[in-house]
Amino acid sequence: MKLATWNVNSINARLENVLDWFREAQPDVACLQEIKCVDEKFPAEPFESMGYNVVVHGQKTYNGVAMLSKYPLDDVRRGLPDGEGDDHARYIEALVLAPQPVRVGGIYLPNGNPIGTEKFDYKLRWMGRLHRHAQDLLAFEEPLALMGDYNVIPEPEDADKPEGWLGDALFQPQSREAFRALKYLGLTDAYMEMDGRPGGYTFWDYQAGAWQRNHGIRIDHVLLSPQAADKLRGIEIHKDVRDREKPSDHVPVMVELDL
DNA sequence: ATGGTAGACCTTCTA
């Protein structure tokens, strides 16, 4: 089974680009982030024509997440627990009813910039909520994938120019520590498990020729429960997608599980 | 040291 995550930076601005990639890559399940539209504006029809079930947790202008699956979806959750007072659409979860079911959480973790503001506090609080929810899900001892745009650069090797990110929320000690704490619950970082070489970037800024200079960072992650990690066959970062017409600033990351 | 791009949308915010 192929599971993908991709921050598309507006599904409607990116539709042709995204459909092209779906036709080529044929993911069984895909988590999309930053769809930047309300549920009713999500272009579900072309995906349904390709055989996908579509669930959306949208929001006007900002954020918004969706999950598309060739298998039926059950147990759909929109938003993390303890969400009172949080109006950002950043989490969607479902049980994918494949022959061997797998629970999938699609994550758009807050960016948190600039540091020293409420936005950074919100990032850390959101990571705390994700941590507690992951703890609850891991207790099921079932195949689980928590995948998406984590907006965290875990290690200096995950940035082409780490010194340029020292003042950024994505590379703060607290952000990195919270990401490590999440992994230490017993989750496996699929990229580190299967490859782990420096340079597996998933994001290049639109500005200052970051793509042309390969000033990238690895911030889109796939974290697997032990029962899913045992079935991990491979991971691919679809870097070529960044070179196409009207690209997102993120590229798709796809894992294959023997499920 | 600075500025550079993209998307949504009401002119500025978020990334």
Please confirm whether the shortest side-chain N or O distance from A:K246 to OP1 or OP2 of B:dG7 is below 4.0 Å.
yes

Quickly work out the A:I35 CD1 to B:dT14 P distance and round it to whole Å.
19 Å

Polar contact flag, side-chain donor to acceptor under 3.5 angstrom, A:N9-A:Y206
yes

Spacing of A:D205 atom CG relative to B:dG4 atom C1', expressed in whole Å:
8 Å

Pull out every residue in residues 6-21 of chain A that has a heavy atom closer than 4.0 Å to any atom of DNA chain B, ordered by number, or say none.
A:N9, A:S10, A:A13, A:R14

Pairs involving residues 129-151 of chain A, ordered by first then second residue, that meet ring pair (Phe, Tyr, Trp, His ring centres under 6.0 Å) (sequence neighbours left out):
A:Y91-A:H133, A:Y150-A:F179, A:Y150-A:H221

If you look at every heavy atom in A:L109 and A:N151, which pair is closest and at what distance?
O-ND2, 2.8 Å

Taking the P atom of each, how far is B:dC10 from B:dT14, in whole Å?
14 Å

Hey, does the side chain of A:S175 reach the backbone of A:A169 with a donor-acceptor pair shorter than 3.5 angstrom?
yes

For A:Q207 and B:dG7, what is the distance between atoms CD and P respectively, to the nearest whole Å?
13 Å

Counting only heavy atoms and a strict 4.0 angstrom limit, can you tell me which residues of residues 55-66 of chain A come near DNA chain B?
A:K60, A:T61, A:Y62

Could you tell me if A:K70 sits above the aromatic ring of A:Y52, with its cationic atom closer than 6.0 Å to the ring centre and no more than 45 degrees from the axis?
yes

Review item, side-chain donor-acceptor pairs of residues 78-85 of chain A, under 3.5 Å, at least two apart:
residue: A:R78; atom: NE; partner: A:V56; partner atom: O; Å: 2.9

For atom CZ of A:F120 and atom C1' of B:dA15, their distance in whole Å:
16 Å

Measure the distance from NE2 on A:H250 to C1' on B:dA6 and round it to the nearest whole Å.
12 Å

For atom CD1 of A:I115 and atom C1' of B:dA15, their distance in whole Å
16 Å

Which whole-number value in Å describes the distance from A:R90 CZ to B:dT14 P?
11 Å

Only counting residues at least two apart or in another chain, list the ones meeting ring pair (Phe, Tyr, Trp, His ring centres under 6.0 Å) with A:W204.
A:W211

Regarding A:Y108, tell me which of base, sugar-phosphate or nothing describes its non-hydrogen contacts under 4.0 Å with the strands shown.
sugar-phosphate

Which pairs of donor and acceptor atoms, one on a side chain in residues 228-235 of chain A, lie under 3.5 Å apart (sequence neighbours left out)?
residue: A:R233; atom: NE; partner: A:D258; partner atom: OD1; Å: 2.8
residue: A:R233; atom: NH2; partner: A:D258; partner atom: OD1; Å: 2.3

So CG of A:L130 and CD of A:Q135: to nearest 0.5 Å the spacing works out to 11.0 Å

Distance check needed: B:dT14 C1' versus A:Y122 OH, whole Å only.
13 Å

Using atom P of each nucleotide, how far apart are B:dA1 and B:dA15 to the nearest Å?
27 Å

